[in-house]
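A quick write-up on the structure given underneath.
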Amino acid sequence: MSVQSNGSCEDHTKIPEIKFTKLFINGDFVDSISGKTFETIDPRTGEVIARIAEGDKEDVDLAVTAARDAFDNGPWPRFSGSQRRRIMLKLADLIDENTEKLATLEAIDGGKLFHLTKIMDIPQAAETLRYYAGAADKIHGETLKMEGEYQAYTLREPIGVVGLIVPWNFPSIMFFNKVAPALAAGCTIVMKPAEQTPLTALYYAHLAKLAGVPNGVLNVITGYGPTAGAAISSHMDVDKVSFTGSTEVGRLVMQAAAKSNLKPVALELGGKSPMIIFDDADVEIASTLALQGFLFNKGEICVAGSRVLVQEGIYDELVKKLTEKAKTWVVGDPFDPHVFQGPQVDKRQFDRILSYIEHGRREGATLLTGGKPCKPKGYYIEPTIFADVADDMTIAKEEIFGPVLSLMKFKTVEEAIKRANATTYGLAAGIVTNDLNVANTVSRSIRAGIIWVNCYFAFGKDCPYGGYKKSGFGREMGMQGLDMFLQVKSVVTPIKNSPWL
């Protein structure tokens, strides 16, 4: 496997000065009440980048109090939509001005490719802000003609104080997928980034202050899920929680929300997404889609196409071409512009992926390529492809969140649909075919929130995204993403002596 591991292992950049390591509450960076800190680790080397303030329940209480006061008494919900828009656009401009710094932080904190983060993740964060800034002054209700001598209208009001909990795989994109519509709606926020990747969230808090976001509107609590995350989910004065992460933790968030003040929740959870490749597909295109589908972002993406079902007529040809491409995939330092794949986010995830690879071996799948670490230090894993994978194998059923692919063969359209749906998840799916009738039939038959036909990872700020089944509920992006942070109020008044009803 020497070819696929030929990215340089030496650091291509020095760790920059880490300016922001404290909690951000009510417009200020502050130590945690306990004074505790935790280490954030560089996955390239396993070395400590910085010590970050460890927020706990008491710190969450302070942040929620600040957010509540900002919502009940502050200017943000009372600004016109155009006033909120101007501040959000200023924040987007500041992100553009700091793209290099932000991309560097994501690369050293999460192992993400620097060059790709610089042209994709950070600009997308800014553009998501601009998209929802444009919606801030377009939040309208309806006028209703009721039966009887009444008239009514609806108001779409900000839901209040929202708790936002985001994962480590796309720190900037996930941050603004939630923060941008919440700000546009007029909500105030308590944000908890993943403990693995806190650095950009704190930097965004700094930029929000510079942009003119009022104190208390955006609070950032760094810390652990069982403490800070649980405190947000169970807080009696948080009006809604939006969580992105694993299905197991999502269930805990929902339980905490129900047991406290019965707050609504939005959950974007795990996936085990199928990519279905039919006999009429172009094998070159299909193999490229399959390769990117499981290796993009080192496989650390909830919609990874980690189950590839290939129709029997092109199975052998596609498997050969896909395996050849995987062997040329370059793994190495994320600052090396020739590298396609950096390190997994941390030691825990690294070990977890390797344990799944062992499951695949033990359960009888055929290892075609990869299957082991590929650097002397850091959390690097070879692109790994298994063939002859049965639907009941662990690697076919459970979310791995790493560069591991399961290949399966099918005969008919009906079989492909049945096997694609044979999962507890329902986040995404891919279909590769030149037959429009097949594409239409399969896309309507698969129970998943987004279906990509002859493409994959085609996300957009204007396209709703969310899951079926254990992949969660609620939709981010598009105008549905704004709706998550609004609630509808009906106002009814009588009509006396009206000439018409």
Taking atom NZ of K469 as the centre, does the number of heavy atoms from other residues, nucleotides or ligands within less than 6.0 Å exceed 12? yes

Please determine, by modelled atom types, if S471 and K272 share a side-chain donor-acceptor pair under 3.5 angstrom. no

Does K489 NZ have over 12 foreign heavy atoms under 6.0 Å away? no

Looking only at side-chain N and O atoms, does Q349 offer a donor or acceptor that is under 3.5 Å from a partner on E300? no

Short side-chain donor-acceptor distance under 3.5 Å, D61 and H235: yes

Counterpart residues, salt bridge (charged side-chain N to carboxylate O under 4.0 Å, His left out), relative to R51 (two or more places apart): E39

Take D96 and R130 through the test salt bridge (charged side-chain N to carboxylate O under 4.0 Å, His left out) and record every step on the way to the result. CA-CA 12 Å; D96 286 343; R130 293 186 176 103; 2.5 Å; yes

Could you check if a side-chain atom of L199 sits within less than 4.5 angstrom of a side-chain atom of E106, using non-hydrogen atoms only? no

Do we see a donor-acceptor contact under 3.5 Å between the side chains of D137 and S80? no

Could you tell me whether the side chains of N215 and K209 share a donor-acceptor contact shorter than 3.5 Å? yes

Could you tell me if E398 and Y356 have a donor-acceptor pair between their side chains, going purely by distance under 3.5 Å? yes

List the residues meeting side chain to side chain contact (heavy atoms under 4.5 Å, CB included) with Y204, not counting sequence neighbours, and say none if there are none. I95, L102, I122, A125, S172, F175, F176, T200, L207

Given the rule in the salt bridge (charged side-chain N to carboxylate O under 4.0 Å, His left out) test, do E195 and K192 qualify, once you have shown the distances and angles that lead to the verdict? CA-CA 8 Å; E195 59 267 25; K192 194 200 89 65; 3.4 Å; yes

Examine K298 relative to Y379 and say whether NZ or CZ is less than 6.0 Å from the centre of the six-membered ring and inside a 45° cone about the ring axis. no

Can you classify the ring geometry of F38 versus Y224 as parallel (below 30°), tilted (30 to 60°) or perpendicular (above 60°)? tilted

